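To start, the structure itself, in structure tokens.
Predicted model only: the values in this text are computed from it and were never measured.
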Amino acid sequence: MDIRYRSTRSDAAPITASEAILKGLSDDGGLYVPTQIPKLDKSFAELGRESYQEVAYDVMKLFLSDFTQEELRACIRAAYGSNFDTAQIVPIRKAGGAYYLELFHGPTIAFKDMALQILPHLMITAARKKHEQKEIVILTATSGDTGKAALAGFADVPGTKIVVFYPKDGVSSIQERQMVTQKGANTCVIGIRGNFDDAQTGVKQIFTDPALKARMAQAGYQFSSANSINIGRLVPQIVYYVYAYTRLLQTGALGDAGEINFAVPTGNFGNILAAYYAGKMGVPVHRLICASNTNKVLYDFFRTGEYNRNREFHVTSSPSMDILVSSNLERLIYHIGGDSAAKNDVFMKDLREKGDYVITDAMRAQLTQFCGGYADEEETADAIRTLYSNEGYVIDPHTAVAAHVYGAYAKSTGDKTPTVIASTASPFKFESSVMKALGRETDLPDLELADRLSEIAGVPVPKAVSGLRGAEIRHKTVCGRSKEDMQAEVEKFLGL
Ligand SMILES: *Cc1c(COP(=O)(O)O)cnc(C)c1O
């Protein structure tokens, strides 16, 4: 089956997967969505016998229908190998009545690696297929984890350059250190005096600026995006939901109904959207539990049908979820509106102009699979402490948000469906918050803190952290949060 991609905001002709991966965002500002969600073409029993890489192939081949078998297999081989610290790639740990799907065993110890280790390979392959001569410039806004994962994926990849903007005071100490020490002559990291939404808005505006696009083309450059709006990030994320389901099925953990819940700590809505797509492919998903922190726009949305970004922005211990505009929700809005670009466009216009929209009752009726919840700072810390004291298992604050929300959900609904919690970061990435939650001393240099956490958790300090010892700070630029300030930095780096 030939799957193509169309914009969520216009009825322009659908394009191939390669084209969608290269473009990232549609010219009309919309996101690319598959014209159809393909069904899995192997049984769960068969998939259950396959390795992670094999499942990845069987899922991704259905979406990237213009990639040859050799091309896709080569991308998967390059992405999921010894750069992960376990051969299982995504181990599953049972603890506290749930299954923690550990998505943080890649080089930057956050789940973003799952997609960003493969995206550069997908892009380079797509460019080769399209006989694209221009150099690809990755422009990315990050709330902390995407930036480092994208830098790690693209550093020194020939034919690419990467520029990352992050909120100067909105990421953890380890996260910032990871980014500003990034090696690679093709990398550029810039702090902005603003929050993640400012960074994301600026990037989107730079991206769609027609004058800049023309100048870029003249200089032999073309923008692409490594943000979760790129379909090349979304598709690899579907894989681990299919994989997790087949592992639970295999171990007999699923009940007679064979159903599963996924609880996902959510920011930009990319990870949970991948779980939704896994459901559409055939995984029997009972509930998708969307967990937010104090920035609970999505919780309110699922409760009321109103998406309202006009509210106070909170900096929390789960910074990768400190987001008021969840970009990937647009894809869900498009789907529940009957795959209607016209309808979606009106909502997105309202969001841009008024910061608010309300979906129709008919659309709301299609959201019964979703269930929103949120955890405040105390509940998040509590979830870390409780799981550690009961099971000796240490989780990071993002995962803890989902753990709390799932716990509250299970208690209030009595739902016994086996539940997989997406464990999105290693506790070492947010060690200060974790140590504080555990009631330990936190007033130590970050690398010393890592050693203490290692003793408590009984796991070695990941290479991603120990490797920061003595690493040179290569990126020192900080700029204003306006589109003009940000664009000036991009132009400087590219020599425009
Ligand atoms: C990015 C991120 C999230 C949020 O994922 P989305 O796909 O943006 O919803 C949650 N936890 C961590 C650790 C992350 O890095």
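Distance check, rounded to the nearest 0.5 Å: OG of Ser18 to CG of Leu64 gives 8.0 Å. Note that the CD atom of Gln487 and the OG atom of Ser482 stand 9.5 Å from one another [nearest 0.5 Å]. For the atom pair Leu329 CG and Ile323 CD1, the distance stands at 12.0 Å (nearest 0.5 Å).
The aromatic ring centroids of Phe104 and Phe111 lie 6.0 Å or more from each other. Residues Tyr276 and Phe370 place their aromatic rings such that the two centres sit under 6.0 Å apart.
Contact check for Lys349 versus Val346: no side-chain heavy atoms found under the 4.5 Å cut-off. Using a 4.5 Å heavy-atom threshold, the side chains of Val283 and Phe44 count as touching. You'll find the side chain of Phe430 stays beyond 4.5 Å of the side chain of Ser317, heavy atoms only. Inter-residue side-chain proximity for Ile190 and Met486 is flagged as unmet; no heavy-atom pair is nearer than 4.5 Å. The side-chain heavy atoms of Val157 and Met123, taken from C-beta on, include no pair separated by under 4.5 Å. Within the 4.5 Å cutoff, the side chain of Leu151 has heavy atoms near those of the Val189 side chain. Lys429 is listed as a side-chain neighbour of Gln178, based on a closest heavy-atom distance under 4.5 Å. Taking 4.5 Å as the limit, some side-chain heavy atom of Tyr307 sits within range of a side-chain heavy atom of Leu298.
Defined by atom type and a distance below 3.5 Å, a donor-acceptor pair is missing between the side-chain atoms of Thr201 and Asp198. In this structure, a donor-acceptor pair under 3.5 Å is present between the side chains of Asp322 and Asn295. Side-chain atoms of Gln200 and Ser327 include a donor-acceptor pair closer than 3.5 Å. If you check the side chains of Ser326 and Asn268, you find no donor sitting under 3.5 Å from an acceptor. Side chain to side chain, Asn271 and Tyr241 meet the donor-acceptor criterion of an N or O pair below 3.5 Å. In summary, the side chains of Asn230 and Arg233 do not present any donor paired with an acceptor at a separation below 3.5 Å, with no hydrogens or angles considered. Checked by atom type, the side-chain pair Thr316/Ser318 shows a donor-acceptor distance below 3.5 Å. Between the side chains of Tyr166 and Glu176, at least one donor N or O lies within less than 3.5 Å of an accepting N or O.
Note on Glu491 versus Arg215: salt bridge recorded, some NZ/NE/NH1/NH2 to OD/OE distance being below 4.0 Å. Under 4.0 Å is where a charged nitrogen must lie from a carboxylate oxygen, and between Lys61 and Asp41 at least one such pair does. At a threshold of 4.0 Å, the pair Glu330-Arg9 counts as salt-bridged, since one of the basic side-chain nitrogens sits closer than that to a carboxylate oxygen. The pair Asp27-Lys213 meets the salt-bridge criterion, since a charged nitrogen lies less than 4.0 angstrom from a carboxylate oxygen. Taking 4.0 Å as the cut-off between side-chain N and carboxylate O, Lys343 and Asp345 do not count as a salt-bridged pair. Of the charged side-chain nitrogens involved, at least one lies within less than 4.0 Å of a carboxylate oxygen, so that Asp446 and Arg177 count as a salt-bridged pair. Between Glu70 and Arg73 there is no salt bridge, since no side-chain nitrogen of the basic residue lies less than 4.0 Å from a carboxylate oxygen of the acidic one.
Checking side-chain atoms of Thr8 against main-chain N and O of Gly30 turns up no donor-acceptor pair under 3.5 Å. Distance alone, capped at 3.5 Å, places no donor-acceptor pair between the Lys148 side chain and the Thr108 backbone. Judged by distance alone, the side chain of Gln250 and the main-chain N or O of Gly48 form a donor-acceptor pair under 3.5 Å.
Each of Thr86, Asp85, Asn83 was checked for a side-chain hydrogen bond (donor to acceptor under 3.5 Å, both in side chains) with His105, and the lone residue meeting it is Asp85.
By the 30° and 60° cut-offs, the orientation of the rings of Phe301 relative to Tyr357 is perpendicular.
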Test side-chain contact (heavy atoms from CB on, under 4.5 Å) applied to Val164 and Met179, step by step = CA-CA 9 Å; Val164 170; Met179 287 191 280; 4.2 Å; yes

For side-chain contact (heavy atoms from CB on, under 4.5 Å), just list the numbers for Leu212 and Phe207, CA-CA rounded to whole Å, side-chain angles, deciding distance to a tenth of an Å, and then say yes or no.
-> CA-CA 8 Å; Leu212 180 64; Phe207 225 93; over 6 Å; no

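When all heavy atoms of Ile21 and Ile231 are compared, the pair lying nearest together is CG1-CG2, 3.9 Å.
Both tests do not hold together for Arg6 against Tyr32: distance to the six-membered ring centre under 6.0 Å, angle to the ring axis within 45°.
Within a 6.0 Å sphere centred on CD of Glu353, heavy atoms belonging to other residues, nucleotides or ligands number more than 12.
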